[in-house]
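Counting starts at 1 for both ligands and their atoms, following the listed order. Quick caveat: nothing in here was measured; it's all calculated off a predicted structure.
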Amino acid sequence: MYTRRSLVLGFIATGLIFAQVVLAQDAAPTVQITGAVKQELTLSADDLAKMPRATVKTTGSGMDTNCEGVWLHEVLKRAGVPQGGELRGKALASYVLASAQDGYQVVSSLGELDPAFIDNEILLADTANGKALFGAQGRLRLVVPKDKPGVRSVRMLTKIEVVQVRK
Ligand SMILES: Nc1nc2c(c(=O)[nH]1)N[C@H]1C(S)=C(S)[C@@H](COP(=O)(O)O)O[C@H]1N2
Ligand SMILES: [Mo]
């Protein structure tokens with residue numbers, strides 16, 4: 001027999017689990033910009049919508065896709081990461097570790113992400129062909145159209161960590 005007390009406790013526990021599930025679904029996906037930065041950032045698609053927008057075109061299996069978002073270097077600039085003339089000395093021994101929800105991780109050096117160094121194109125994308133990204137792409141992803149393979153185009157992006165190797 002259930003006691004009245006265990007029924008009440010069971011009811012509360014079920015309510016708490018339910019609230020957690022609902023809250024987890026409500027929380028907007030974000031990407032954290034962290035590590036060796038002057039200003040840590042947590043950006044949602046809504047935050048990215050208010051920043052300078054950029055688009056790139058990718059071609060996969062004969063189909064063109066227009067991806068929209070914010071250049072990664074714009075995001076790094078906002079976090080106070082050294083760029084251009086400031087990217088000298090110890091700062092040059094820094095890398096960016098991009099991590100995804102499924103554990104996927106990719107490293108790029110600060111130098112190779114800086115348009116003052118090289119004409120690269122790395123987009124922190126939230127939209128494809130005018131539609132919000134979803135599913136296996138994640139709400140936020142990287143798109144690197146100039147790369148030959150797709151491997152650095154991290155889907156389901158959750159974190160951008162700047163690591164300075166030389167202290
Ligand atoms: N999180 C995450 N991102 C990832 C991968 C992965 O396994 N996990 N695979 C990469 C590889 S190998 C490719 S080819 C592209 C595929 O992205 P697409 O399906 O949008 O072309 O995602 C890249 N990004
Ligand atoms: Mo791939």
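- Residue contact check: Ala100 has heavy atoms under 4.0 Å from atoms 1 (N) of ligand 1.
- Protein heavy atom at the shortest distance from atom 3 (N) of ligand 1 is Arg155 N, 3.0 Å.
- Rounded to the nearest 0.5 Å, atoms CG (Asn120) and OG (Ser108) are 8.5 Å apart.
- Of all protein heavy atoms, the one lying nearest to atom 10 (C) of ligand 1 is Tyr104 OH, 3.5 Å.
- Looking only at protein heavy atoms, the nearest one to atom 12 (S) of ligand 1 is Val151 CG1, 3.5 Å.
- In the model, Gln32 has no side-chain atom that pairs as donor or acceptor with a side-chain atom of Thr42 under 3.5 Å.
- Below 4.0 Å from some heavy atom of Ser153 lie the following atoms of ligand 1, by number and element: 22 (O), 23 (C), 24 (N).
- Glu112 and Arg152 are joined by a salt bridge, as a carboxylate oxygen and a charged side-chain nitrogen come within less than 4.0 angstrom of each other.
- Rounding to the nearest 0.5 Å places OG1 of Thr158 at 14.0 Å from CZ of Arg141.
- Contact record, Glu121 with Val56: OE1-CG1, 3.9 Å, taken as the closest heavy-atom pair.
- Within the 4.5 Å cutoff, the side chain of Asn66 has no heavy atoms near those of the Thr55 side chain.
- Per-atom contact check: atom 21 (O) of ligand 1 does not touch the protein, criterion being a heavy-atom distance below 4.0 Å.
- Of all protein heavy atoms, the one lying nearest to atom 8 (N) of ligand 1 is Asp102 OD2, 2.8 Å.
- Between Gln137, Gln101, Arg141, Met156, it is Arg141 that holds the heavy atom closest to atom 18 (P) of ligand 1.
- In terms of protein heavy-atom proximity, atom 13 (C) of ligand 1 is nearest to Gly150 O, 3.6 Å.
- Across all non-hydrogen atoms, the minimal contact from Leu87 to Phe117 is O-CZ, 3.6 Å.
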